[in-house]
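Okay, so here's the structure we're looking at.
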There are 2 protein chains.
Amino acid sequence: MESRIDRIKKQLHGASYKLTPQREATVLVLLEHEEDHLSAEDVFLLVKEKAPEIGLATVYRTLELLTDLKVVDKINFGDGVSRYDLRQEGAAHFHHHLICIECGTVDEIQDDLLGDVEKIVESRFQFKIKDHWLTFHGICKRCKPDVEDGEV
Amino acid sequence: MESRIDRIKKQLHGASYKLTPQREATVLVLLEHEEDHLSAEDVFLLVKEKAPEIGLATVYRTLELLTDLKVVDKINFGDGVSRYDLRQEGAAHFHHHLICIECGTVDEIQDDLLGDVEKIVESRFQFKIKDHWLTFHGICKRCKPDVEDGEV
DNA sequence: CTTCGTGCAAATATTTTGCACCAAT
DNA sequence: ATTGGTGCAAAATATTTGCACGAAG
């Protein structure tokens with residue numbers, strides 16, 4: 001069976017790029033932290049553990065490359081920093097985020113919630129949708145004082 | 001009849017801030033460019049025309065103040081710059097954006113499209129929604145080659 | 001030997017902060 | 001006098017770029 005990194009390697013090769021050790025280490029960090037929303041600096045520090053000689057500029061260049069290839073999405077939560085999220089393979093759409101204004105946690109929603117909304121927007125505004133970004137700000141279940149939440 | 005700027009003035013006073021000439025010039029620029037999505041630098045250059053002695057730091061401080069008071073929303077389209085949008089008065093929710101990947105135009109949608117989606121998210125994830133950000137990327141009607149668009 | 005990719009340092013861009021000064025109580 | 005607000009310059013942050021060098025065909 002073909003692994004995720006193999007497929008990313010093929011994508012790179014298909015676009016005439018090499019999977020150098022630095023790029024591989026970067027992709028591995030992203031795979032190992034799929035749940036997180038790492039900044040370039042975060043990625044840099046984690047990659048440094050595998051490949052201490054790597055430079056921050058290379059991480060930026062790799063992340064930009066992966067963004068162009070649609071391997072990752074570059075997202076922005078309004079703090080001054082860009083964050084990088086691996087795309088779900090084969091996902092038609094970008095996933096959504098729930099940001100807790102109490103604790104700052106960012107949860108992801110993979111569900112496709114916008115099918116109906118997109119139909120409305122496409123017909124009402126004659127706008128051909130290619131992708132969407134949906135973020136909710138609010139209070140997550142862990143911070144809701146009035147709820148006795150079973151698990152976490 | 002009470003004007004928009006008067007109400008903003010009252011909001012400032014209510015929070016123990018003054019509407020200084022610099023702040024007033026900044027708010028006026030925002031009111032005159034309600035359709036646009038101005039960066040701090042954009043606002044600065046426009047305010048300079050009314051009040052040439054103003055400093056960029058003051059514009060930043062004013063925009064931050066207005067953001068805190070929820071007079072404006074600070075938004076981020078992924079280029080490295082924050083942009084500032086006047087809130088619709090009385091709007092329960094932030095408006096949505098349509099970004100054209102061909103021509104870069106940003107259109108606004110005031111419609112509240114997410115009522116049903118929010119209900120689902122609140123119950124499924126036990127997440128109390130306070131606000132949302134929805135942006136669509138795609139091709140606007142002006143850039144669609146196959147459509148003979150009547151107006152605009 | 002040519003191309004692509006890298007590390008480092010310098011440059012750039014954006015936003016924030018320190019501080020002295022000014023205006024209005 | 002005290003407070004809040006400002007302009008300017010410097011600092012802090014985040015990201016990009018120039019360049020010489022190294023690795024791989």
Side-chain angles (χ1 to χ4, degrees), chain A residues 8-29 37-69 71-85, chain B residues 8-29 37-69 71-85:
Chain A
I8 291 172
K9 185 172 183 177
K10 282 189 183 167
Q11 273 190 270
L12 283 165
H13 286 169
S16 307
Y17 295 108
K18 296 169 196 162
L19 185 63
T20 62
Q22 291 91 336
R23 287 175 185 165
E24 184 169 24
T26 304
V27 172
L28 286 174
V29 161
H37 300 85
L38 303 175
S39 68
E41 184 85 24
D42 294 336
V43 174
F44 171 61
L45 292 173
L46 289 163
V47 171
K48 239 177 155 26
E49 296 174 10
K50 297 172 192 286
E53 74 292 349
I54 201 169
L56 179 56
T58 300
V59 171
Y60 272 103
R61 283 184 283 231
T62 300
L63 291 171
E64 188 192 13
L65 178 57
L66 294 173
T67 304
D68 288 347
L69 294 177
V71 172
V72 304
D73 280 301
K74 184 176 179 180
I75 55 182
N76 206 305
F77 291 134
D79 54 351
V81 206
S82 292
R83 296 172 184 283
Y84 299 85
D85 253 30
Chain B
I8 292 172
K9 185 172 183 176
K10 282 189 182 165
Q11 273 191 268
L12 282 164
H13 287 169
S16 307
Y17 295 108
K18 297 169 196 161
L19 185 62
T20 62
Q22 292 88 337
R23 286 176 185 164
E24 183 169 25
T26 304
V27 172
L28 286 174
V29 161
H37 299 83
L38 303 176
S39 68
E41 183 85 26
D42 295 335
V43 175
F44 171 61
L45 292 173
L46 289 163
V47 172
K48 239 176 157 25
E49 296 174 10
K50 297 174 193 286
E53 73 292 350
I54 201 170
L56 179 56
T58 300
V59 171
Y60 272 104
R61 285 184 281 230
T62 301
L63 291 171
E64 189 192 12
L65 177 57
L66 295 173
T67 304
D68 288 348
L69 294 178
V71 173
V72 304
D73 280 302
K74 183 176 178 179
I75 54 182
N76 205 304
F77 292 134
D79 52 352
V81 206
S82 291
R83 296 172 184 283
Y84 298 85
D85 254 29

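Every chain is numbered from 1 and lettered A, B, ... according to where its sequence line falls, protein lines coming before strand lines.
- Here D:dA14 is the nucleotide among D:dG4, D:dA14, D:dG7 with the atom lying nearest to any side-chain atom of A:Val81.
- Residue B:Asn76 contributes atom CG, which lies 14 Å from atom C1' of C:dA13 at whole-angstrom precision.
- A close approach under 4.0 Å does not occur between any side-chain nitrogen or oxygen of B:Ser82 and OP1 or OP2 of C:dT14.
- The interatomic distance linking B:Tyr17 (OH) with C:dA24 (C1') rounds to 18 Å, in whole Å.
- Listed nucleotides: C:dG5, C:dT15, D:dG4. Nearest to the side chain of A:Lys18: C:dG5.
- In terms of phosphate contacts, B:Tyr60 brings a side-chain nitrogen or oxygen within less than 4.0 Å of OP1 or OP2 of C:dT15.
- Separating the CD1 atom in B:Ile54 from the OG1 atom in B:Thr62 is a distance of 6.0 Å, to the nearest 0.5 Å.
- Counting only heavy atoms from C-beta on, A:Thr20 has its side chain closest to C:dT6 among C:dT15, D:dT16, C:dT6.
- Per the geometry, NZ belonging to B:Lys9 stands 16 Å off C1' belonging to D:dG5, to the nearest Å.
- Atoms CG and CD1, on B:Leu69 and B:Ile8 in that order, are 9.5 Å from each other to the nearest 0.5 Å.
- Heavy atoms only, all atoms of each residue included: B:Ser82 and B:Asn76 are closest at OG-ND2, 3.9 Å.
- Between C:dG7 and A:Thr58, a contact under 4.0 Å exists linking OP1 or OP2 to a side-chain N or O.
- The CG atom of A:Leu19 sits 15 Å away from the C1' atom of D:dA23 (whole-angstrom rounding).
- In this structure, the nucleotide among D:dT16, C:dG5, C:dT14 sitting nearest to the side chain of A:Lys74 is D:dT16.
- Among the heavy atoms of the strands, none lies under 4.0 Å from B:Glu41.
- When the options B:Val59, B:Asp73, B:Thr67 are evaluated for a side chain to side chain contact (heavy atoms under 4.5 Å, CB included) with B:Tyr84, the one that passes is B:Thr67.
- One atom, CZ of A:Arg83, and another, C1' of D:dT15, lie 15 Å apart when rounded to the nearest Å.
- Summarising the geometry, the separation between CZ on B:Phe44 and P on C:dT16 is reported as 15 Å, rounded to the nearest angstrom.
- Summary of the strand contacts: A:Leu56 and B:Leu56 both lie near DNA chain C, and taking for each the nucleotide with the nearest heavy atom, the more 5' one is attributed to A:Leu56.
- Residue A:Gln22 is classed as a sugar-phosphate contact, given heavy-atom separations below 4.0 Å to backbone atoms only.
- Counting non-hydrogen atoms under 4.0 angstrom, A:Ile54 reaches the backbone sugars and phosphates but no base.
- Contact check of residues 61-68 of chain B against DNA chain D (heavy atom, cut-off under 4.0 Å) returns B:Arg61.
- Of all the heavy atoms in A:Leu19 and A:His13, the pair that sits closest is N-NE2, 4.1 Å.
- As rounded to whole Å, 13 Å separates atom C1' of C:dG5 from atom CD of A:Glu53.
- B:Asp79 places its CG atom 9 Å from the P atom of C:dT14, with the value rounded to the nearest Å.
- Taking only side-chain atoms of A:Arg23, from C-beta outward, the nucleotide of C:dG7, C:dT6, D:dT15 with the closest atom is C:dT6.
- How far CG of B:Leu63 is from CZ of B:Arg23: 11.5 Å, rounded to the nearest 0.5 Å.
- For the residue pair A:Ser39 and A:Val81, the shortest heavy atom distance occurs at CB-CG1, 3.5 Å.
- At least one side-chain heavy atom of A:Glu24 sits less than 4.5 Å from a side-chain heavy atom of A:Leu28.
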